[in-house]
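Below is one structure, written out as structure tokens; the observations come after it.
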Amino acid sequence: MRLTFDHPSNEMTRFARFLTVGALGTFLDFGLLTAFKLIGLPTLPANSISFSAGVVNNFTLNSRWTFADRNNGNWRAQFLQFLVVSLIGLALNNAIVLLLEAPLGAWIGDAAWGYAPAKIVATGVVVFWNYFANRNWTFP
């Protein structure tokens, strides 16, 4: 992985696009997670499936918009790299959600909904990992 950065204004535009794509992916992820939890799916598989749907969405939009100028034409290789970054992100996301679900559920006074604030914290942490790794490895 080599560390490279564009002009600060270009980098801010790229990061803003990444955040926009991420917001769409997060909406999809969080919506599916909530739907799966409402139908009784346990947190770990529900979070894994919803996170995976977000990955497919995010790769498609990031490769065609956020990092379009860095698309090397080999989308399969880039998808595999994006997938590796995302799987590490998933591991971080799951660890944070599972670690914080019970204490945050107790804090909000409803253990059944503890996954929601835990997911928000996890998403906030993982977004920085995803941007840094994809910017410098998947789409250098």
Side-chain angles (χ1 to χ4, degrees):
M1 181 183 316
R2 69 172 207 246
L3 298 177
T4 60
F5 294 97
D6 291 335
H7 186 276
S9 64
N10 293 341
E11 202 63 41
M12 291 305 295
T13 298
R14 186 182 313 278
F15 188 63
R17 287 180 177 186
F18 186 82
L19 291 177
T20 300
V21 169
L24 293 171
T26 299
F27 181 74
L28 175 66
D29 178 5
F30 201 89
L32 287 174
L33 174 61
T34 300
F36 291 146
K37 289 294 290 181
L38 288 173
I39 63 170
L41 202 60
T43 299
L44 185 60
N47 191 51
S48 298
I49 294 167
S50 67
F51 188 89
S52 297
V55 166
V56 172
N57 173 79
N58 290 359
F59 174 76
T60 303
L61 295 176
N62 277 316
S63 67
R64 294 177 186 223
W65 185 46
T66 308
F67 299 107
D69 61 324
R70 297 175 177 277
N71 190 333
N72 66 14
N74 188 353
W75 71 267
R76 287 179 182 90
Q78 284 183 314
F79 180 75
L80 287 176
Q81 288 172 283
F82 192 89
L83 185 60
V84 167
V85 169
S86 296
L87 288 174
I88 294 169
L90 173 61
L92 291 169
N93 192 286
N94 278 333
I96 293 167
V97 168
L98 292 175
L99 179 70
L100 296 179
E101 180 179 22
L104 290 177
W107 181 68
I108 65 171
D110 189 348
W113 285 91
Y115 73 89
K119 181 68 172 184
I120 291 167
V121 172
T123 300
V125 171
V126 173
V127 71
F128 289 102
W129 156 256
N130 284 344
Y131 182 77
F132 178 76
N134 281 309
R135 169 68 179 84
N136 291 293
W137 186 49
T138 308
F139 303 104

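Side chains are part of it too, since the values below use all heavy atoms of this structure and drop only hydrogens, waters and symmetry mates.
What you find for S50 and D29 is that their closest heavy atoms are OG-OD1, 2.6 Å. Between L100 and P103, the closest heavy-atom pair is O-CD, 3.3 Å. Scanning all heavy atoms of the two residues, the minimum distance from N94 to S48 falls at ND2-OG, 3.5 Å.
Counted by atom type alone, Q78 and S63 present zero donor-acceptor pairs between their side chains at under 3.5 Å.
Remark: Y131 OH to T66 OG1 distance equals 8.5 Å, nearest 0.5 Å. Atom CZ in F132 sits 12.5 Å away from atom CZ in F18 (nearest 0.5 Å). Going from atom OG1 of T26 over to atom CG of L33 covers 11.5 Å, rounded to the nearest 0.5 Å. Separating the CD1 atom in I88 from the CG atom in L83 is a distance of 10.0 Å, to the nearest 0.5 Å. Interatomic distance, L44 CG to Y115 OH, rounded to the nearest 0.5 Å: 15.0 Å.
The closest side-chain heavy-atom distance from K37 to W113 is not below 4.5 Å. Two residues are said to be in side-chain contact when any heavy atoms from C-beta on lie closer than 4.5 Å; V21 and L24 fail this criterion. Between N93 and N47, the closest side-chain pair of non-hydrogen atoms falls below 4.5 Å. Within the 4.5 Å cutoff, side-chain heavy atoms of E11 are placed close to those of R14. A heavy-atom distance below 4.5 Å is not found between the side chains of W75 and R64. Side-chain contact between N134 and N62 is absent, with no heavy atoms from C-beta onward closer than 4.5 Å. Residues F67 and T138 fail the side-chain proximity criterion, which asks for heavy atoms closer than 4.5 Å. A heavy-atom distance below 4.5 Å is found between the side chains of V85 and W129.
L99 and F128 are not part of a single hydrophobic cluster, where members link through side-chain heavy atoms under 4.5 Å apart. A continuous path of hydrophobic side-chain contacts links F51 to V127 [ILVMFWY only; heavy atoms under 4.5 Å]. Placement of L28 and V55 in two distinct hydrophobic clusters is found when ILVMFWY residues are connected by side-chain heavy-atom separations under 4.5 Å, directly or transitively. The hydrophobic clustering, which links ILVMFWY residues whose side-chain heavy atoms are closer than 4.5 Å, places L87 and I96 apart. In the hydrophobic clustering of this structure, I108 groups with L38; members are Ile, Leu, Val, Met, Phe, Trp, Tyr whose side-chain heavy atoms approach within less than 4.5 Å, directly or through other members.
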Stepwise side chain to side chain contact (heavy atoms under 4.5 Å, CB included) check, I49 with L41: CA-CA 11 Å; I49 294 167; L41 202 60; 4.3 Å; yes
Derivation of the side chain to side chain contact (heavy atoms under 4.5 Å, CB included) call for V97 and T43: CA-CA 9 Å; V97 168; T43 299; 4.0 Å; yes
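Screening residues 21-49 for ring pair (Phe, Tyr, Trp, His ring centres under 6.0 Å), with sequence neighbours left out, gives no hits.
More than 12 heavy-atom neighbours from other residues, nucleotides or ligands sit within 6.0 angstrom of CH2 on W65.
Ring pair F59/F139 is parallel by interplanar angle, where below 30° counts as parallel and above 60° as perpendicular.
Looking only at distances, a side-chain donor or acceptor of Q81 sits under 3.5 Å from a matching main-chain atom of W137.
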